[in-house]
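Accompanying notes for the structure given below.
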Amino acid sequence: MPYDFTSVPDRKNVGSFKYADMFERNPDVPDGIIPLSTADMEFYNAPEIREGLKEFIDHMVLGYTAGTDGFYDAVVDWMKRRHDYEIKKEWIAISDGVVPAIGDLIRCNSEEGDGILITSPVYYPFAASILANNRKVVDVPLLLTEHGYELDYDGIEAAAKEPSTKLMIFCNPHNPVGRVWTKEELEKILTICIENDVYIIDDEIHHDLIMPGYKHTVMATLRPDAGLHMAVCTAPSKSFNLAGMQTSSIIIECPERRKAFVGQREKSFRLMLNILGYEACRLAYTRCEAWLEECIDVIDSNAKYVEAFLKEHMPEIKAFPLEGTYLQWYDFSAWGLTPEALEQFMVKEALIFSDEGYVFGKTGEGFERLNLACPRSVVEATMDRLLAARNRCITL
Ligand SMILES: Cc1ncc(COP(=O)(O)O)c(C=O)c1O
């Protein structure tokens with residue numbers, strides 16, 4: 001059944017974080033501009049989720065509720081079916097989001113002052129969570145080579161050997177550079193971490209969003225004991241546009257580490273999730289695979305459209321291949337603007353509300369991230385505004 005990926009939802013004045021951010025950055029933004037920043041989709045949810053939730057509300061009492069067998073079975077089956085990742089129900093620890101889970105995992109797997117590895121440019125809450133918990137950010141930036149972004153194994157190994165380095169927060173697929181790390185790349189990271197007793201917070205929130213031609217491997221499947229060395233952070237929130245449901249499954253195979261994580265949540269009596277979140281997750285994982293497949297094709301074709309448009313009209317802007325996620329990464333450094341000037345250009349001249357590269361770390365300066373989970377008409381209008389503003393304001 002073909003789904004609707006062309007209607008543009010009206011999210012103005014309904015509490016959408018992305019829209020509020022746009023009006024804060026430019027209160028004069030005219031009607032009809034769609035922001036392409038924060039990672040949720042400008043698509044309506046799958047009809048199976050919308051109808052399923054209506055049906056659910058009609059016969060349920062919305063009281064305190066734990067995850068049902070239906071919820072846990074859906075998670076277990078999804079990981080097996082989509083990712084060839086065989087997990088046991090009892091390995092699943094629920095969380096009201098991956099970012100809150102990262103904070104909990106940091107607190108229960110390290111001490112104040114310990115070092116935590118990240119590879120910038122990377123999703124900015126990683127560094128923010130490390131700092132907020134009084135740990136030390138150990139950044140080993142990705143290498144930008146003629147082949148694109150690569151991991152700096154020597155740097156990661158040297159940092160992992162430091163006795164104070166206790167954790168690595170790893171992003172796969174990588175937000176914002178869009179890489180889906182290969183099996184060989186993952187094997188090297190896993191080996192370094194195991195050899196140096198560095199526990200991995202494996203953020204795989206985007207792992208269902210793999211573009212045609214690429215293959216994602218859950219790091220925990222690399223070898224039989226791999227899962228003992230990591231917490232695999234998963235959720236239907238990116239894949240099915242359910243971020244507002246705040247429901248994620250953190251898969252922790254090691255019983256002691258899992259107990260510590262659950263204990264961390266219990267300290268603040270966060271014992272269960274929102275009842276609608278469990279059901280939305282169950283509906284997504286059991287009924288919405290066809291919607292997801294079509295959604296991936298739309299995102300992939302949006303990325304190809306942008307790449308072709310830039311190549312033809314603004315070849316000085318480099319687009320990085322979108323291997324996974326719906327967030328594409330672009331190098332604007334040929335314009336020679338400071339990060340502040342590039343942001344001003346975007347927000348005031350091009351009326352494009354993207355994520356500025358600098359928020360992902362110093363290594364992101366001069367780059368922009370665009371969210372391509374939106375109807376093609378929105379992407380086309382965004383590119384047209386970018387070209388017009390570039391021709392008006394930029395001297396090459
Ligand atoms: C890599 C990554 N992790 C986590 C999140 C957010 O997770 P949650 O909304 O479940 O806290 C995002 C959202 O953009 C993300 O890109």
Side-chain angles (χ1 to χ4, degrees), residues 5 8-9 11 14-22 24-25 34-46 49 95-103 118 120-129 169-180 201-211 216 233-249 277 280-281 284 288 291-292 295-296 298-300 302-303 306 319-320 322-330 346 352-361 364 367-375 378-379 382:
F5 289 102
V8 182
R11 301 180 69 201
V14 293
S16 155
F17 182 82
K18 192 188 271 179
Y19 275 71
D21 180 57
M22 170 169 78
E24 201 181 310
R25 292 164 85 190
I34 311 297
L36 299 184
S37 54
T38 310
D40 58 21
M41 299 178 173
E42 296 309 309
F43 295 133
Y44 285 105
N45 289 102
I49 292 178
S95 174
D96 49 334
V98 165
V99 171
I102 289 173
I118 59 169
S120 78
V122 75
Y123 184 54
Y124 47 88
F126 290 3
S129 303
I169 313 181
F170 190 72
C171 199
N172 185 28
H174 191 99
N175 170 12
V177 309
R179 282 289 324 271
V180 174
I201 300 176
D202 180 30
D203 184 342
E204 298 212 9
I205 196 168
H206 295 277
H207 72 180
D208 300 319
L209 294 156
I210 306 302
M211 297 304 115
H216 176 268
C233 303
T234 72
S237 49
K238 301 295 156 191
S239 332
F240 297 97
N241 207 16
L242 292 172
M245 286 291 175
Q246 299 183 300
T247 299
S248 53
S249 295
C281 176
C288 299
W291 183 92
L292 175 64
C295 184
I296 288 172
V298 172
I299 294 162
D300 184 52
N302 281 347
V306 174
F320 289 83
L322 187 70
E323 300 179 0
T325 81
Y326 45 69
L327 307 161
Q328 198 169 29
W329 186 240
Y330 309 92
M346 285 289 174
I352 294 176
F353 298 86
S354 50
D355 281 288
E356 298 302 318
Y358 68 79
V359 305
F360 302 95
F367 292 74
E368 294 281 334
R369 189 193 78 175
L370 283 184
N371 179 339
L372 300 182
C374 59
V378 174
V379 178
T382 304

### Message
On a heavy-atom basis, which atom in Y326 and which in A39 lie closest, and how many Å separate them?
### Response
OH-O, 2.9 Å
### Query
Residues in salt bridge (Lys or Arg N to Asp or Glu O under 4.0 Å) with D355, at least two apart?
R369
### Query
Do you know which two heavy atoms are closest between P176 and P121, and how far apart they sit?
CD-O, 3.3 Å
### Task
Quick one: list whatever passes side-chain hydrogen bond (donor to acceptor under 3.5 Å, both in side chains) with E204, sequence neighbours left out.
H207, H216
### Query
Taking atom SG of C233 and atom CD1 of I102, what is their separation to the nearest 0.5 Å?
5.5 Å
### Query
How are the rings of F5 and W291 set relative to one another: parallel (under 30°), tilted (30 to 60°) or perpendicular (over 60°)?
tilted
### Message
Just to verify, which of C295, P9, S239, C374 counts as forming a side-chain contact (heavy atoms from CB on, under 4.5 Å) with M41?
### Response
C295
### Query
For I296 and M211, which heavy atoms make the closest approach, and how far apart are they?
O-SD, 3.9 Å
#### Entry: Heavy-atom check, side chain of N45 versus side chain of F240, under 4.5 Å
no
### D203, V180, T325, V122 screened by side-chain contact (heavy atoms from CB on, under 4.5 Å) with H174, the one that passes
V122
### Task
Report yes if some heavy atom in the side chain of F353 is under 4.5 Å from a heavy atom in the side chain of K18; otherwise report no.
no
### Message
Can you list everything that forms a salt bridge (Lys or Arg N to Asp or Glu O under 4.0 Å) with D300? Sequence neighbours excluded, please.
### Response
K304
### Query
Just wondering, do I205 and S248 contact through their side chains at under 4.5 Å, heavy atoms?
no
### Task
Nearest 0.5 Å please: distance from the CG atom of L209 over to the CD1 atom of I299.
5.5 Å
### Heavy-atom check, side chain of F320 versus side chain of V177, under 4.5 Å
no
### Query
Taking all atoms of both residues into account, what is the closest heavy-atom pair of P375 and V8, and its distance?
CG-CG2, 3.9 Å
### Task
Can you sort out the partners of E323 under salt bridge (Lys or Arg N to Asp or Glu O under 4.0 Å), two or more places apart, ordered by chain and number?
R179
### Query
So do the side chains of Y123 and V99 get within less than 4.5 Å of each other, counting heavy atoms only?
yes
### Task
Look only at the side chain of T247 and the backbone of M245, and say whether a donor-acceptor pair between them is shorter than 3.5 Å.
yes
#### Entry: Rounded distance [0.5 Å steps], OG in S16 versus CE in M22
8.5 Å
### Passing option when L36 is tested against I352, L327, V379, V378 for side-chain contact (heavy atoms from CB on, under 4.5 Å)
V378
### Task
May I ask you to decide if S249's main-chain N or O and T234's side chain share a donor-acceptor pair within less than 3.5 Å?
yes
### Query
What are the two closest heavy atoms between Y19 and R11, and how far apart are they?
CE1-CB, 3.6 Å
### Query
Are the side chain of D208 and the backbone N or O of L292 linked by a donor-acceptor pair below 3.5 Å?
no
### Task
Could you tell me which non-hydrogen atom of G357 sits nearest to which non-hydrogen atom of W329, and how far apart they are?
CA-CH2, 3.6 Å
### Task
Could you check if a side-chain atom of F126 sits within less than 4.5 angstrom of a side-chain atom of C171, using non-hydrogen atoms only?
yes
### Message
Restricting to salt bridge (Lys or Arg N to Asp or Glu O under 4.0 Å), what partner residues turn up for E356, sequence neighbours left out?
### Response
R25
### Query
Hey, does the side chain of D202 reach the backbone of N172 with a donor-acceptor pair shorter than 3.5 angstrom?
no
#### Entry: For Q246, all residues meeting side-chain hydrogen bond (donor to acceptor under 3.5 Å, both in side chains), sequence neighbours excluded
none
### Note, S37 side chain near D21 side chain (heavy atom, < 4.5 Å)
yes
### Message
Between N302 (side chain only) and L372 (backbone N and O only), is there a donor and an acceptor less than 3.5 Å apart?
### Response
yes
